[in-house]
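Below, chains carry the letters A, B, ... as their sequence lines are ordered, and counting in each starts from 1. Nothing here was measured: the structure is a model prediction, and the numbers come from that model.
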Amino acid sequence: MTELVRIQEEDFCLEDEVKRLRAISNRVGSIVTFLGTARDFSDDKDVSAIEFEQYAGMAKKALSALREEANKRFDIIETSIIHRISTIKPGEQIVLIVVASEHRKAGFAACEWVIDTLKETAPIWKKEITPEGDSWVVPHP
Amino acid sequence: MTELVRIQEEDFCLEDEVKRLRAISNRVGSIVTFLGTARDFSDDKDVSAIEFEQYAGMAKKALSALREEANKRFDIIETSIIHRISTIKPGEQIVLIVVASEHRKAGFAACEWVIDTLKETAPIWKKEITPEGDSWVVPHP
Amino acid sequence: MVVKILFFGILSGKTGTKETTIEVSEGCVPLSDIIAELKTRFPELPDGPFIYAVNEEQVQTSHTIKDGDEVAIMPPFAGG
Amino acid sequence: MVVKILFFGILSGKTGTKETTIEVSEGCVPLSDIIAELKTRFPELPDGPFIYAVNEEQVQTSHTIKDGDEVAIMPPFAGG
């Protein structure tokens, strides 16, 4: 069975990930997803690609801890988290969070919490490739 | 082109709907979706199916107004809304909201607002088919 | 004037019909008069709360009904 | 003792390396001593803020470093 938490180079399929969580239980009444995609423009610069770097062992542990904490903290059924690590072009998929729950309120809260907390706790960095050169992204406070 | 607001008997494909909104602009950095599915259990009753009824002309207008209002009220790029009207079995898809935006915060807020407001403003009703008989669903306050 | 009435959800079950027409002698009446008339004709109609629409637009009971209007009597919405 | 050091993100660009080792004569030192030593060896290392991990667990600068530890010096995370 495909893991619920993955860091991978290859692209992922939203439909498959959602189907997997829906299949867990007939009690699922709400699926909230967040899909992050690469924009071609960031802080007034054209961006031709984004390169991701991770601290491999620690990043995987951080995302697994995030899934467990989300399942514990919110009244939800299951969470899956996928983050790509490779050179990503504008329009391509970067990250996907899927939250299955009985009711939607907990699902929205959990999904937003997971992506917000991922950005704070997962040792992943991105470099924007622009016509004027490369630059590491400094997270907004 | 497939419409962004639809009320239909047939099932829909999450992946296709998301792709359609992503294709609108390379400025899209966030896609938030809400998918409502039929549960097999509601208020202590087993549910074998849900039947939906709509006030056809008015329901379509209500969803279209909802999309326009979401696009105006939130800092987002586009919204799509699909609601199925037919007999739906446990595990099947009922409603889908997709919100494309540059940043995720507005996307989450808009998506949750659309489904909350849809339940208040769209002339759609559901009847739960249970082993003990049928009963129209009274919305929770 | 003649007004078309639509019942939705549990209301069509209670009244036994999804659609009916009402004739009133006046040319214009407030929606509240139509509702009173419906309650006489369909004693099974519950007390509400109802949502009302005229020609697919939501209205209050003070709204004026005219000949040919389509009036919808609706229980609280429960979509999604 | 010998400690393995990892630099991530902009820091490997500044120091010119992703990985290095440091030898210190003591058997146990606080992480802050290791950082001071790194600043001497890599004057290009910016002032931070940094996030630190030892053996893949996030720690504070008071954490005690032992022989064979893997120490990661990381700029603020920017995933997602």
**Q** Could you check whether atom CG of B:Asp75 has more than 12 heavy atoms from other residues, nucleotides or ligands sitting under 6.0 Å from it?
**A** no
**Q** Measure B:Lys61 against the heavy atoms of chain C and call it side chain, backbone, both or neither at under 4.5 Å.
**A**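 The side chain, not the backbone.
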**Q** Side chain, backbone, both or neither: which part of B:Tyr55 has an atom under 4.5 Å from a heavy atom of chain C?
**A**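 The answer is both parts of B:Tyr55.
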**Q** Please state whether the side chain, the backbone, both or neither of B:Ser135 comes within less than 4.5 Å of a heavy atom of chain C.
**A**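 Neither part.
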**Q** Hey, which of B:Ala59, B:Gly36, B:Ala122 has the most heavy atom pairs under 4.5 Å with chain C?
**A** B:Ala122
**Q** Taking atom NZ of B:Lys45 as the centre, report whether more than 12 heavy atoms of other residues, nucleotides or ligands fall under 6.0 Å from it.
**A**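 It does: B:Lys45 NZ has more than 12 such atoms within range.
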**Q** Given heavy-atom pairs under 4.5 angstrom as the criterion, report whether the side chain, backbone, both or neither of C:Leu6 touches chain B.
**A**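 The side chain, not the backbone.
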**Q** Under a 4.5 Å heavy-atom cut-off, does chain C meet the side chain of B:Glu120, its backbone, both or neither?
**A** backbone
**Q** Atom CD of B:Glu53 and atom NZ of C:Lys18: how far apart are they, to the nearest 0.5 Å?
**A** 4.0 Å
**Q** Please find the pair of heavy atoms, one from B:His83 and one from C:Gly80, that lie closest to each other, and give the distance.
**A** NE2-N, 2.8 Å
**Q** Is atom CD of B:Glu9 surrounded by more than 12 heavy atoms (other residues, nucleotides or ligands) closer than 6.0 Å?
**A** no
**Q** Please round to the nearest 0.5 Å and tell me the distance separating atom CD1 of C:Ile10 and atom CG of B:Asp134.
**A** 11.0 Å
**Q** Which heavy-atom pair separates C:Gly79 from B:Lys119 by the least distance, and what is that distance?
**A**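 Residues C:Gly79 and B:Lys119, closest heavy atoms: O-CG, 3.4 Å.
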**Q** Should the ring pair C:Phe77 and B:Trp125 be called parallel, tilted or perpendicular, given that the plane angle runs from 0 to 90° and is split at 30 and 60?
**A** perpendicular
**Q** To check you understand the geometry: which heavy-atom pair defines the closest contact between C:Met74 and B:Pro123, and what is its length?
**A** SD-CB, 4.0 Å
**Q** Count the heavy atoms of every other residue, nucleotide or ligand shown that sit under 6.0 Å from CD of C:Gln60, and state whether that count exceeds 12.
**A**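 Check fails, neighbour count at 12 or below.
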**Q** With a 4.5 Å cut-off on heavy-atom pairs, point out which of B:Ile85, B:Thr121, B:Ile50, B:Ile97 contacts chain C the most.
**A** B:Thr121
